[in-house]
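All residue numbers refer to positions in the sequence shown, counting from 1. All values derive from a computational prediction rather than experimental measurement. We count ligands from 1, going down the list as the structure has it; atoms in each ligand are counted the same way.
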Amino acid sequence: MGICSLESVCTTRLPKAGETIIGHKFFIGFGGKGANQCVQAARLGAKTSMICKVGKDSFGNEYTENFKRNEISTGKAFLNIISPIIFKETIIGIRNVIVIVPGANLLVDSEDLKRAADVICKAKVIVCQLEITPATSLEALKMAHASGVKTLFNPAPAQADLHPQFYTLSDIFCCNETEAEILTGLPVGNPEDAGKVGSILLERGCKLVIVTLGAEGCVMISKEDPVPKHVPAGKVKAMDTTGAGDSFVGALAFYLAYYPNLSMEEMIRKSNFIASVSVQTPGTQSSYPYRKDLPQDLF
Ligand code: ADP
């Protein structure tokens with residue numbers, strides 16, 4: 001849930017108010033956390049469905065084609081609504097700041113979820129984020145939870161006042177450092193900090209918390225094993241880390257659905273690897289690897 005067209009501009013610095021600066025690169029791609037995660041899972045071989053809305057405009061039409069190319073089902077829940085989706089991103093070196101204009105995403109509502117009930121309740125895993133309205137995301141999690149579907153929640157973009165049921169309805173609660181900081185008010189700069197915030201989030205009712213730490217990999221902590229565990233990522237030459245977290249979440253959803261007997265640590269190790277491949281080429285979805293190009297011991 002959550003899609004957008006992604007316009008990226010590369011500059012050496014951000015403009016000041018009222019200033020115009022010259023950028024050195026501009027490109028348009030496909031983005032949105034939910035769609036990115038779905039694309040990564042599909043490229044690993046998962047059968048995926050997106051519950052979303054797109055604008056009835058050129059962005060929406062191109063996105064529809066993008067879903068088809070990635071063999072993502074949009075089924076009955078897919079509606080075209082007149083509303084633009086704009087996503088702007090400014091890359092400064094390899095850092096990025098992001099502005100989201102949610103557009104059609106905010107129009108996904110409980111009626112759409114009812115129409116998609118079959119897809120939600122018969123899935124192996126549902127992945128939700130906060131790029132559609134939180135109330136709709138929460139309702140989707142409730143529907144999935146009631147049907148015994150595994151829930152993977154990615155609280156992004158983060159909100160300090162997240163509804164408490166997001167924690168209790170999450171089998172896996174997966175956030176990055178910034179999101180963990182917003183949710184707990186504590187700084188997260190290393191695996192030790194991540195363990196501390198992870199235990200706070202765990203106490204709010206999740207079964208398992210994963211805090212991703214960029215090049216450092218992740219920290220996981222669970223009800224079953226409340227001692228934080230650092231799962232490092234391999235050392236790679238990062239070129240563009242945009243969307244790494246979504247590649248990670250998409251890969252994790254794939255392993256949860258298709259390799260449920262793997263240990264969580266092993267799923268995280270493999271998902272770290274896949275996300276670390278994505279940071280070695282530019283772009284977001286364009287950098288996500290396909291199953292055929294990955295070492296076969298991942299499968
Ligand atoms: P987000 O994109 O949400 O900010 P992170 O930056 O924490 O997420 O990255 C998510 C995952 O991507 C990490 O847990 C790791 O597996 C992988 N990753 C990100 N940056 C790097 C990097 N520089 N080197 C290796 N792996 C990386």
Using a 3.5 Å distance criterion without hydrogens, assess whether the side chain of [X] forms a donor-acceptor pair with backbone atoms of [Y].
X: Thr151; Y: Leu169; result: yes
X: Asp240; Y: Gly283; result: yes
X: Asn154; Y: Val249; result: no
X: Gln296; Y: Leu294; result: yes
X: Ser147; Y: Met143; result: yes
X: Asn66; Y: Arg69; result: no

From the list Ser287, Ser278, Ser247, side chain to side chain donor-acceptor pair (under 3.5 Å) partner of Gln40 resolves to Ser247
Taking the inter-plane angle between the rings of Phe173 and Tyr167 on a 0 to 90° scale, is it parallel (under 30°), tilted (30 to 60°) or perpendicular (over 60°)? parallel
Going by the angle between their ring planes, with limits at 30° and 60°, are Tyr259 and Tyr255 parallel, tilted or perpendicular? tilted
Provide the number and element of each atom of ligand 1 under 4.0 Å from a heavy atom of [X].
X: Ala275; value: 11 (C), 12 (O), 16 (O), 17 (C)
X: Gly234; value: 25 (C)
X: Val236; value: 24 (N), 25 (C)
X: Cys218; value: 14 (O)
X: Ala238; value: 23 (N)

Quick check: [X] and ligand 1, any N/O pair under 3.5 Å apart?
X: Asn272; value: yes
X: Asn176; value: yes
X: Gly245; value: yes
X: Ser271; value: no

When you look for heavy atoms under 4.0 Å from ligand 1, do you find them on the side chain of Leu213, its backbone, both, or neither? backbone
Distance to 0.1 Å, residue and atom name: give those for the protein heavy atom nearest to atom 26 (N) of ligand 1. Ser276 CB, 3.4 Å
Ignoring hydrogens, just give me the one of Gly214, Ala156, Ala233 whose non-hydrogen atom is nearest atom 18 (N) of ligand 1. Gly214
For atom 22 (C) of ligand 1, the option (of Ala215, Ala180, Gly217, Ala251) bearing the nearest heavy atom: Ala215
